[in-house]
**Student:** 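Just passing along the structure, written as C-alpha cells.
Predicted model, so just to flag it, every value in this text is computed and none were measured. In what follows, chains carry the letters A, B, and so on, assigned in the order in which the sequence lines appear, proteins first and then strands, with residues in each chain numbered from 1.
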2 protein chains.
Amino acid sequence: MEAPYQRIAADLRRRIQAGELAPGDKTPSTRAIARDFGVALATAVRALAVLKEEGLVEGRPRSGTVVAATLSRPRRHPGAVELTRERIVREGIAIADAEGLGTVTVRAVAARLGVSAAAIYRHVRGRDDLVRTMADLAYGAERYQDVTLGRRDRLEMVARTLWRIYRRHPWLPHLAPLGRPLPLPGVLRHGEQLLLALDGLDLDPATAMTIDVLLYAYAQGLAVHVEREAQAMSATGLSSEQWLDTQGGTVNAVVAAGRAPLLAKLIGELGADGYDFDLDRLFEFGLQALLDGLGIGNAD
Amino acid sequence: MEAPYQRIAADLRRRIQAGELAPGDKTPSTRAIARDFGVALATAVRALAVLKEEGLVEGRPRSGTVVAATLSRPRRHPGAVELTRERIVREGIAIADAEGLGTVTVRAVAARLGVSAAAIYRHVRGRDDLVRTMADLAYGAERYQDVTLGRRDRLEMVARTLWRIYRRHPWLPHLAPLGRPLPLPGVLRHGEQLLLALDGLDLDPATAMTIDVLLYAYAQGLAVHVEREAQAMSATGLSSEQWLDTQGGTVNAVVAAGRAPLLAKLIGELGADGYDFDLDRLFEFGLQALLDGLGIGNAD
DNA sequence: ACCTGAACACCGTTCAAGT
DNA sequence: ACCTGAACACCGTTCAAGT
C-alpha cells in the first residue's frame with residue numbers, strides 16, 4: 001500500500017524523467033498539488049521533500065520549487081557556443097521573464113551558460129550593467145512602422161506598445177529611469193514616437209516634455225503591478241480572482257471591524273462574482289481618461 | 001550593486017571596528033578619501049555621513065572628522081530600552097527613509113539596535129514581515145479629518161495625501177500591492193476616503209472600484225520615480241538638473257546620431273535652462289488631467 | 001524567557017593561477 | 001586570450017547553547 005505522498009512523488013518523478021518538466025521549470029506549488037490531488041498541504045510538502053532528497057528538484061527560497069539542473073551541469077567544450085555579451089544578456093532576460101528580476105544573479109546566468117561566475121565579468125561590468133543592457137534590448141525589440149496616424153491614435157498606439165513590452169517583461173517597469181533618462185537607444189525610440197504625435201500641436205516645449213513623460217510614466221506606473229501579479233501568482237499559485245475568493249474572509253475581517261464601511265458596502269454590491277481585476281482593461285480605461293483630460297484628439 | 005559611498009563607509013567601519021582607527025583618531029579627510037578611492041568629493045562626504053549617522057565618527061568643526069569615543073557598540077544591559085516589534089519596525093523605516101529599502105537588512109536593523117540578528121526573529125517573522133509592517137505603519141500615520149468636501153476636492157485631497165506619504169517614504173510605492181490588496185488597516189484608510197468621494201455618483205460598483213484603484217495606482221506609479229530620484233541623487237551626489245547638465249553631452253551623442261531628431265529639436269527649444277524636472281508639478285498636472293478625463297467635478 | 005554564536009546556503013566581485 | 005577556483009565581504013534564516 002503506497003502512501004499518498006509517495007504516489008504524488010512518483011507522478012512528478014515520471015513527468016520530470018519524461019521531460020515534461022525540464023530543468024529549471026517550476027514544479028507545481030504545494031498549494032497546486034494539494035488542490036489537484038485532493039490532499040492536505042502537509043502531504044504536498046512531503047511529496048516535494050522526497051524529490052528534493054533525491055536531488056531531482058531544488059527549493060528556490062522565495063519562489064517555489066524548481067526541477068534541478070541536469071546532474072552533470074552543461075559543460076562548455078571546444079566547439080561549444082561562444083560566450084558573448086549578447087548571449088549573457090539574453091539569458092538574463094530569459095531568467096527575469098520566467099522568475100523575476102530578483103533571481104537574475106550573476107551566478108545563475110553563469111550556471112545556465114555552463115560557465116564560472118567570474119567569466120561573466122569579461123563581457124559585462126557587473127550586475128548593474130547586465131540589467132541595464134537587458135532593459136535596452138527589451139525596449140528596443142519593438143519597432144514602429146512608418147505609418148500616418150491621427151495624433152490621438154498615435155499616442156494610444158505608443159502607449160499600448162509600451163504596455164505590450166511590459167506585459168512581456170514584467171520586471172522592466174521597475175527599472176526605467178525618469179528623472180535622469182539613460183541614453184539607451186531602445187528607450188528613446190518610444191519617446192520619439194510620442195513627440196511625433198505631439199509635434200505641430202503648438203505646445204510650449206516644457207508642456208510637450210511633460211506630456212511625453214506623463215504618458216511614459218502612466219504606462220510604466222501601472223505596469224509595475226504586472227510583476228506584482230506574476231510574483232504573487234507564482235508564490236501562491238493562485239490568480240488574482242482566486243486569491244480574492246480565498247482571502248475575502250480575511251479582508252472582510254478587517255472590513256467588518258467597521259474600519260472600512262464603504263469598502264464593505266462596495267464588496268456587497270459587487271455580489272458573488274466579485275471584482276474582475278483586469279489590468280489590461282484598467283490600463284485602457286485610464287489611458288482614455290488621461291488623453292480626454294489632456295484634450296488630445298485626432299484632428300489638428 | 002553596492003554604491004561607492006557604501007563601499008567606502010564599509011571599509012572605514014571595518015578599520016574602526018578592528019581598532020586600526022582608535023577613538024579620537026582622525027579619519028581620512030574627504031579629500032584624502034576622494035583621492036585614495038578615486039571618487040568624487042561628494043561621494044567621500046556621503047561615506048562619512050553614513051558613519052556619522054551610525055555614531056561611529058563625529059565631525060569636529062574646523063579640524064575634520066574623528067572616531068567617536070563610544071567605541072563599544074551600543075550594548076543592551078538591564079534597564080536599557082526593551083526590544084520590541086515596534087522599535088524594530090521604526091528602525092527599519094528610519095533606515096529605508098535614509099538609505100533606501102535595499103539597505104534594510106535584518107542584520108543592519110539588529111546592529112543599530114545593539115542586538116544580534118537572531119534576536120530580531122523573536123518579534124518579526126522575517127524580512128518580508130518586517131517590510132510589510134513598515135508599510136502598514138507608514139500608510140497609517142496620516143489621518144483624515146472629518147470634513148465636508150466637494151467630490152473632486154476630496155479626491156484631490158486623498159491623492160495629495162498619498163503623494164505626501166510617498167514623498168516622505170520613497171521606498172513605499174515599490175511595495176503596496178494592487179492585484180491582491182493586503183488587508184492592512186493603514187492602506188484601507190485611504191481607499192475609504194476615495195470611496196467616500198465617489199459615493200452617491202450613481203456609478204456601478206465595478207466602475208467605482210476601477211476609479212478607486214486607478215487613482216491609487218496613479219499616485220503610486222508616479223511615486224515610484226521619487227525613489228529613483230533619491231537613489232540616483234545619493235549614488236551620484238547630483239540632483240536631477242545637475243545630472244542633466246553633466247550628462248547632456250552623452251544624451252546628445254545618441255541624439256546627434258540622428259536616432260532621436262524630435263528629442264533633439266525639443267532640447268534645442270528648451271534652451272540653456274533645460275527642462276525643470278519637477279515631480280510634484282508633474283503629479284499635479286496628471287492628476288488634473290485624469291480627473292478632468294473622468295468627468296469628475298465638485299457638483300453632484 | 002530571552003538572547004547569542006555559529007552555522008548553512010546563498011549573494012557580487014576580485015584576482016592570482018591555470019590552460 | 002580566456003576561464004577557473006578560491007577568497008572576501010556580505011545576505012536571510014535556523015538552532016543548540018548559554019544566561
**Student:** Please state how far atom OH in A/Y121 lies from atom P in C/dA16, giving the value in whole angstrom units.
**Tutor:** 17 Å
**Student:** Please enumerate all residues that pass side-chain hydrogen bond (donor to acceptor under 3.5 Å, both in side chains) together with B/R168, with sequence neighbours excluded.
**Tutor:** B/E142
**Student:** For B/A138 and B/H169, which heavy atoms make the closest approach, and how far apart are they?
**Tutor:** CB-CD2, 3.7 Å
**Student:** Could you state the atom-to-atom distance from CZ of B/R107 to C1' of C/dT4 in whole Å?
**Tutor:** 13 Å
**Student:** Between D/dC15, D/dG5, C/dC3, which nucleotide has the shortest distance from any of its atoms to the side chain of B/A118?
**Tutor:** D/dC15
**Student:** For A/T105, check side-chain hydrogen bond (donor to acceptor under 3.5 Å, both in side chains) against everything at least two apart and list the hits.
**Tutor:** none
**Student:** Output the single nucleotide from C/dT13, D/dC3, C/dT4 whose closest atom is nearest the side chain of A/H123.
**Tutor:** D/dC3
**Student:** Which whole-number value in Å describes the distance from B/E82 CD to C/dA1 C1'?
**Tutor:** 12 Å
**Student:** How close or far is atom C1' of C/dG5 from atom CD1 of B/I120, stated in whole angstroms?
**Tutor:** 16 Å
**Student:** Hey, which sits more toward the 5' end of DNA chain C by its nearest nucleotide, B/A117 or A/G126?
**Tutor:** B/A117
**Student:** Output all residues satisfying side-chain hydrogen bond (donor to acceptor under 3.5 Å, both in side chains) with A/R90, sequence neighbours left out; order by chain, then residue number.
**Tutor:** A/E86
**Student:** To the nearest angstrom, how far is A/D128 atom CG from C/dT13 atom P?
**Tutor:** 7 Å
**Student:** Please determine, for the side chain of B/R122, which listed nucleotide (D/dT13, C/dT14, C/dC2) has the closest atom?
**Tutor:** C/dC2
**Student:** Kindly point out which of C/dC3, D/dT4, D/dT14 is positioned nearest to the side chain of B/S116?
**Tutor:** C/dC3
**Student:** Among all residues two or more places apart in sequence or in another chain, which pass the salt bridge (charged side-chain N to carboxylate O under 4.0 Å, His left out) test with B/D129?
**Tutor:** B/R85, B/R125, B/R132
**Student:** A/L113 CG to D/dC2 P: how many Å, rounded?
**Tutor:** 17 Å
**Student:** Looking at residues at least two apart in the chain, or sitting in another chain, which of them share a side-chain contact (heavy atoms from CB on, under 4.5 Å) with B/R127?
**Tutor:** B/L101, B/V104, B/V106, B/V131
**Student:** With the side chain of B/R127 defined as its heavy atoms from C-beta on, choose the nearest nucleotide among D/dT13, C/dT14, C/dG12.
**Tutor:** D/dT13
**Student:** For A/L130 and C/dC11, what is the distance between atoms CG and C1' respectively, to the nearest whole Å?
**Tutor:** 14 Å
**Student:** Quick check: does any side chain N or O of B/H190 sit under 3.5 Å from a backbone N or O of B/Y139, one acting as donor and the other as acceptor?
**Tutor:** yes
**Student:** Atom CD of B/E99 and atom P of D/dC10: how far apart are they, to the nearest Å?
**Tutor:** 14 Å
**Student:** Using Watson-Crick or G-U wobble pairs with both distances under 3.5 Å, give me DNA chain C in dot-bracket, 5' to 3', with [ ] for crossers and | for pairs to another strand.
**Tutor:** ||.|||||...|||||.||
